[in-house]
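Have a look at the structure below, then the notes.
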Amino acid sequence: MQTLPPAAHQIESARSSKRWVWIVLLGIALVVVIIPLPFFVSSPTHRTYRIEAKTFEYTPATLYANPGDTVTVEIVSTDVVHGFMLDGHDVNVTAEPGQTARVTFTADHAGVFRFRCPVACGQLHPFMTGKFQVGPNLLLYRAGALGLLAVASALWILR
Amino acid sequence: MDTPLKFRLDLTGLPAFRWLLRARWPQFAARAVTLAGFIFTILAGLFGSPVGSHNFAILFVWIAWWTALKVFFIPLGGRSWCSICPIPMAGEWMQQGWLVKPNGKKGFGLNKPWPKGLRNAWLQAGAFLAIGLFSAVTLTTPTVTGWVFLGLIVAAIALAVVYERRSFCQYVCPMGGFIGWYSRISPVELRIKDRAVCNAHLDKTCFTGCADGAGCPWGTLPPALRANNSCGLCLECVRTCPKNNVVFNLRPFAGDLDPAARAPRKFDEAGLGIVLLGCVLSFSAVFQGTWGALKTAAFHVGSPAWFLYAACFLAATLGLLPGLFAAAVWAGKQLSGSTLPMKKALTHTAYALLPLGFCAWLGFTLSFSLAKFAYVWPVLSDPMGWGWNLFGTAAWAWKPYLPALTPILVAATLIGGLLWSGRSVLSTARETLPAKAAARMALPVMVFGLAFVLVELWILI
């Protein structure tokens, strides 16, 4: 077997160790992305939210539920016709001014879903949104952890 | 001796590609199409439906074009949009006396040089801040979009009559500033092939013009071209170089950030980059945040709430964010013992954050464009909102596309930007410091980048 001269040997060793660092970092990143995180889940319950809708704004704008909860949303429009359309769910209801519209559904998937006004209600109508959070915002936590890992790994490589 | 540049592939080595670049008709045809779209946008804005989501001016400019710019034009083609932008066409026609190719006629105009004090990116930064101040109105109200576009074309003509070359594009156009700053990340570049050939060619027809075409409308001497922001890809130098020494290269992404490219780093451009970083946070909060009061304040221009919004917007983009950035750079200097002057350190580091800024704009755009894209089909059939149904799509119901995938794409884009900039911050620090000190210099800037990404993620997903 041919013996490498010391300099080339050191270069090869450094390359190999760098490769290992990348493999380890990639492994940690994969774990951060796919590992199921334990979080407290209470038994399914029924939640009712009363949302006031007026031009470009829902109050409250963020709703919370646990996976499996049954959720009733009562939507009251205080100016023009608004609505409540929930991403990822078959939920779409329209509220006439002064009248209460009601919709009940099951929060069957965990995650954060936008709800939007489906009725053209003014210039900023396309941006009239709110958030419906089912369980913890795992995507935000995972992304944050990946960000931390990115910073840590960059420094580790140059340590 | 110069460090050799990383991989470059000369696409002009392909005869068909060289023909495409030298021929005037393909580019003119593309510009004619964009000019028609531009004029139609103005007409739709001024005379079409006042409802933004039913009007071509809003949907095609602020949803379709704005998305295409960040998904396609900039990341793949740098200033490729500037290559076919219709805004300077009329002014250039008057300046040069020809529209498609030189015909011996002379144009008119005072041909004054752009004022020395304004030869920087501050005007463009200011123009982009103005867009931010009035964004909630401009981006949603068709008549305002129509007037803004009309104003842009009038300003471009007026400046072309008074000042030489494309002064408007280079120093005034807010989108020119945005595209120019981020064009550095693209995997293509127009450069010279052999410096010795340029040195030996005394006529410099690429700069002065000749019977084959105009001198560089951007006032750039191709041998001195080291960064994409100084080249509008108008391709005149490809046509006027008698030596075939101007080439169009494929290169690694962000080739201008590679120290070997020796691209100039200027404080005013760095300032523009930090302003754009602040603007994307503000845009995200106004359009994708769930704070109705903020949207209402941003929309009601002239109201007390709007003045409060304007004060907060300016304080955040000109004070808070640049202040935090400067604090991070200062902390890095203290930790590393870097002797680089503070102004230089700020400038160098701002360039390194360019990929993060671009990815933040891309993430912000993705966060709404997939949800809003379904508005485009009805408007295609009824662009003025007058009840037409040209292609049978007027009644297509609006439904957000891929709502489950959107937050994942946004998160991946932002984290990708953080990684990319992290690498760039480290390699920039390595230009002046040994490895360990470079890591200490980079650490606070990376924490700044991480905090920026976390805030953006919190708003968008």
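In this text the structure is predicted, and so the values were computed from the model without any measurement. Lettering of chains follows the sequences in order, A, B, ..., and the numbering in each one begins at 1.
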Hey, could you give me each pair passing salt bridge (Lys or Arg N to Asp or Glu O under 4.0 Å) that has a residue in residues 20-47 of chain A? Not counting sequence neighbours.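 Output for this query lists R47(A)-D69(A).
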
Determine the option with the most heavy-atom pairs under 4.5 angstrom with chain B, choosing from L139(A), L146(A), V33(A). L139(A)

Best-contacting candidate, L140(A), V112(A), N137(A), against chain B by heavy atom pairs under 4.5 angstrom: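 Top count of heavy-atom pairs under 4.5 Å with chain B: L140(A).
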
Determine which residues belonging to residues 454-461 of chain B lie within contact range of chain A, meaning some heavy atom pair is under 4.5 Å apart, and list them by number or answer 'none'.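 Against chain A, the residues of residues 454-461 of chain B that fall inside the cut-off (heavy atoms, under 4.5 Å) are L454(B), L457(B), W458(B), I459(B), L460(B), I461(B).
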
For W147(B), ring-ring contact (aromatic ring centres under 6.0 Å, His included) partners two or more places apart: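 Here no residue qualifies.
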
How far apart are the closest heavy atoms of G52(B) and Q123(A), and which atoms are they? N-OE1, 3.6 Å

With a 4.5 Å limit on heavy-atom distance, are the side chains of F299(B) and T55(A) in contact? no

If we only count heavy atoms from C-beta on, is the T290(B) to T62(A) side-chain gap below 4.5 Å? yes

Can you say whether F368(B) sits under 4.5 Å from chain A via the side chain, the backbone, both, or neither, judging by heavy atoms? side chain

So, R114(A) side chain and P403(B) main chain: donor-acceptor pair closer than 3.5 Å or not? no

Do the side chain of K372(B) and the main chain of P126(A) share a donor and acceptor less than 3.5 angstrom apart?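 Such a contact is found between K372(B) side chain and P126(A) backbone.
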
Please output the residues of residues 87-110 of chain A in contact with chain B, using a heavy-atom cutoff of under 4.5 Å, in numerical order. D87(A), G88(A)

